[in-house]
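One structure is given below, encoded as C-alpha cells.
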Number of protein chains: 2
Amino acid sequence: MKYSTSKENYIKAIYHLEQEDPVVSTNALARQLATKPASVTDMLKKLNEQELIHYEPYKGVKLTDSGNKLALQIIRKHRLWEFFLVEKLGFGWEEVHEIAEELEHISSKKLIDRLDEFLGKPKTDPHGDPIPDAAGIVPKIEKRCLLDLPIGVSADLISVSNQSADMLDLLRHHQIEIGTRLKITNRFRFDHSLQITVQGGPPVTISEQLAAHLYVAWAKDETD
Amino acid sequence: MKYSTSKENYIKAIYHLEQEDPVVSTNALARQLATKPASVTDMLKKLNEQELIHYEPYKGVKLTDSGNKLALQIIRKHRLWEFFLVEKLGFGWEEVHEIAEELEHISSKKLIDRLDEFLGKPKTDPHGDPIPDAAGIVPKIEKRCLLDLPIGVSADLISVSNQSADMLDLLRHHQIEIGTRLKITNRFRFDHSLQITVQGGPPVTISEQLAAHLYVAWAKDETD
DNA sequence: ATTTTTTTTTAGATTCGCCTAAAATTTATC
DNA sequence: GATAAATTTTAGGCGAATCTAAAAAAAAAT
C-alpha cells in the first residue's frame, strides 16, 4: 500500500509521540506537525478508516499494528538516508534532517534495502538513533564507552565526547568517523593502548586516552 | 523558487517534447503526462502566470528561459540519481527510471551538487544521455567506439554492443560497467591489444576485439 | 467556401489537505 | 456538583490538481 506524504508524516509523528505517552492527543499532534487541531481531526478520521490508527473522538489515538509497521519503515528510510548524507556525501550532522524528511517518502522498498546494503547495514544513524531493519525490528543499542566493548565484538561509533580540533584531527588520521565500525582485537595494559580494526581493515593501535572519548553501540546479541 | 512535483513534471515534459517540435501542443502534453487535455489547459495557465512558459490559447506552448533552466535542473537530478542507482546500488538499467522520477523532485541543491561530486561528475547517465552541469550546461557528447578514442582522453562507457553472458563476464572481470571512466594509455599493433586505465586505476590490457564493442562518450573539449 | 473532424478551452464537480469560526465535550476549579 | 477553562470536533470554505461534458476554435476534407 502507498500513502501520501502527509499521511506518512502523521504516522511518524504519532509514533514519536507514543514514546512519551502511549495515548496521543490531537493538540500534541497539531503542535508536532505545525498544523491546526481541526486539520488533525480530519486526518485522524481518514487514518482510522485505513486502520493505521485506533481513534475514538475525544479519546486520543494509538497506532495499530500496521500503523506501527509503517512508522518503522519510514523511520528506517529517514535514518538510512541521514547516514548516507553524512557518511557518503560529507554533510554535517545538523543539515541532514531536513533533506531526509524529503527522502524518507521515496517509495521503492528495493531502493532502501539496496541502500542499506551499500551502507554496510548500519545499526544507528549519525545521531546515534537505531535504524530498524527490513523487517521493522529496532536493534537494541547499548551505547557505551569504547573501553567497555568486549574483545572481538563489532560496534559502530555513535558519538565523541570531545569535539576539539585536535580530536577531529586525530580521528581523521585514523579514518574514524561517526558510523565507523570498530572492533577491539587486543588490549595492552603496559602502555594503556588498544589494538582495533577500523571498518574491517588491518589492525591499528590507539591510546586508551582516545578510546575513553569514543562512544559506541552494538546489537545486544551480536556475536561477530 | 520551489515548484510542486506536478509543475516540475509539466516543465520536464514540455522540455522533452520541444526536442521534437519547438511548439508543444496541449494534446501531446496530455499524452505524455497520461492526463486529460482539459487538465493540461488549466495547468498551462498557471505556468504561464509564473512565467515558466509562453502560452497563448490555441497556439501551443514554449518554455521561457527560466522554464528551460528549471527543466535542465530537473533533468540533471534525474540523470544523476539514475547514475547513482546503477553505479552504486547495482540496479539494472531498466528499473531505475521509475525511482528517479521520484528522486528528481527532492529539492536540495546542495544535495545534488554533492551527489555529483560523489559520483565523480559523470557526463552521461546509464542510458548514455548527457547530464547537465550545475550551471545547466548540457555537455556535448561524442558517442563513439572506444577504438576511436584518442590516447590520453578520458571517456565514460555508454553502451555495449553485445549483451551476451560471456561479454558481461569479461566486463565484470575487468571491473568495467556502464559509466566507468576509461582512458587509453597505449596501443599495441602487434597483437591488436590496448593498454587502458579503468576508473583511474592502474593500466590493464584488453583486446581490440573487446574494445570494438564498447561505446564511449567524452566532452567535446575535454583534455584531461 | 462550406462542412466535418480534430483540437483546445470553458464550465462545473471531486478529492486532498488545510484553514477559521463556532459548537460540543472533557477536564479542572471553586 | 456547578461552572470555568481547555481540548476536540463539526461546519463551511479554499487552493491545488484532477476529472467529465459541452462549447469554441482551428485544421482538414469535400
Side-chain angles (χ1 to χ4, degrees), chain A residues 1-15 17-18 20-63 67 70-71 74 101-102 104-107, chain B residues 1-14 17-18 20-63 67 70-71 74 101-102 104-105 107:
Chain A
M1 200 79 58
K2 219 180 137 189
Y3 302 98
S4 71
T5 293
S6 186
K7 281 181 182 166
E8 290 194 349
N9 284 336
Y10 272 83
I11 294 299
K12 191 171 53 129
I14 295 167
Y15 178 92
L17 290 170
E18 269 187 359
E20 318 268 293
D21 185 336
V23 170
V24 177
S25 75
T26 302
N27 258 2
L29 260 175
R31 220 175 304 122
Q32 180 89 0
L33 293 164
T35 183
K36 297 291 183 261
S39 310
V40 172
T41 301
D42 281 355
M43 183 61 94
L44 292 184
K45 284 191 234 165
K46 292 179 202 162
L47 295 175
N48 189 54
E49 265 167 36
Q50 289 181 82
E51 310 207 319
L52 292 170
I53 62 173
H54 294 296
Y55 166 66
E56 282 189 77
Y58 296 104
K59 291 192 172 174
V61 68
K62 278 187 193 186
L63 290 178
L70 176 57
I74 301 163
E101 287 286 302
E102 285 187 64
E104 74 190 3
H105 301 293
I106 302 294
S107 58
Chain B
M1 200 79 60
K2 219 180 136 190
Y3 303 97
S4 70
T5 294
S6 186
K7 279 180 182 166
E8 290 194 348
N9 283 336
Y10 272 83
I11 294 300
K12 191 171 55 125
I14 294 167
L17 290 170
E18 269 186 359
E20 318 267 295
D21 184 335
V23 171
V24 177
S25 74
T26 301
N27 258 1
L29 260 175
R31 222 174 303 124
Q32 180 89 359
L33 293 164
T35 183
K36 297 289 184 266
S39 310
V40 172
T41 301
D42 281 354
M43 183 61 94
L44 292 183
K45 284 191 234 166
K46 294 177 201 162
L47 295 174
N48 190 53
E49 264 166 38
Q50 288 182 83
E51 309 207 319
L52 292 169
I53 61 172
H54 294 296
Y55 166 66
E56 282 189 76
Y58 296 106
K59 289 191 172 174
V61 67
K62 279 187 194 186
L63 291 178
L70 176 58
I74 302 163
E101 288 286 303
E102 285 186 64
E104 74 189 4
H105 302 293
S107 58

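A, B, ... follow the sequence lines: proteins, then strands. Residue 1 opens every chain.
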Distance below 4.0 Å between [X] side-chain N/O and [N] OP1 or OP2:
X: A:N27; N: D:dT8; answer: yes
X: B:S39; N: D:dT18; answer: no
X: A:T41; N: D:dT10; answer: no
X: B:T35; N: D:dC19; answer: yes
X: A:S4; N: C:dC16; answer: no
X: A:Y55; N: D:dT9; answer: yes
X: B:K46; N: D:dA17; answer: yes
X: A:S25; N: D:dT7; answer: no

Taking [atom1] from [X] and [atom2] from [N], how many angstroms apart are they, rounded to a whole number?
X: A:K36; N: C:dC18; atom1: NZ; atom2: C1'; answer: 10 Å
X: A:K59; N: C:dT27; atom1: NZ; atom2: C1'; answer: 15 Å
X: A:E8; N: C:dG17; atom1: CD; atom2: P; answer: 11 Å

B:K7 side-chain proximity, nearest of D:dA17, C:dC19, C:dA24:
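The answer is D:dA17.
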| message | How about CD on B:Q50, more than 12 heavy atoms from neighbouring residues, nucleotides or ligands closer than 6.0 Å, or not? | response |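 Check passes, neighbour count above 12.
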Q. Pick the nucleotide of DNA chain C nearest each of A:A38 and B:T26; which residue has the one closer to the 5' end?
A.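 Whichever sits nearer the 5' end wins; that is B:T26.
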* If each of A:T5 and A:P57 is mapped to the nucleotide of DNA chain C with the nearest heavy atom, which maps nearer the 5' terminus, i.e. the 5' end? ->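 Residue closer to the 5' terminus by nearest nucleotide: A:T5.
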>> Using a heavy-atom cut-off of 4.0 Å across all strands, would you classify B:P37 as base, sugar-phosphate, or nothing?
In response: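 Base contact - B:P37 has a heavy atom under 4.0 Å of at least one base atom.
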A:K45 near the nucleic acid: base, sugar-phosphate alone, or nothing, with a heavy-atom cut-off under 4.0 Å?
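Sugar-phosphate: the residue A:K45, judged by heavy atoms under 4.0 Å, touches backbone atoms but no base.
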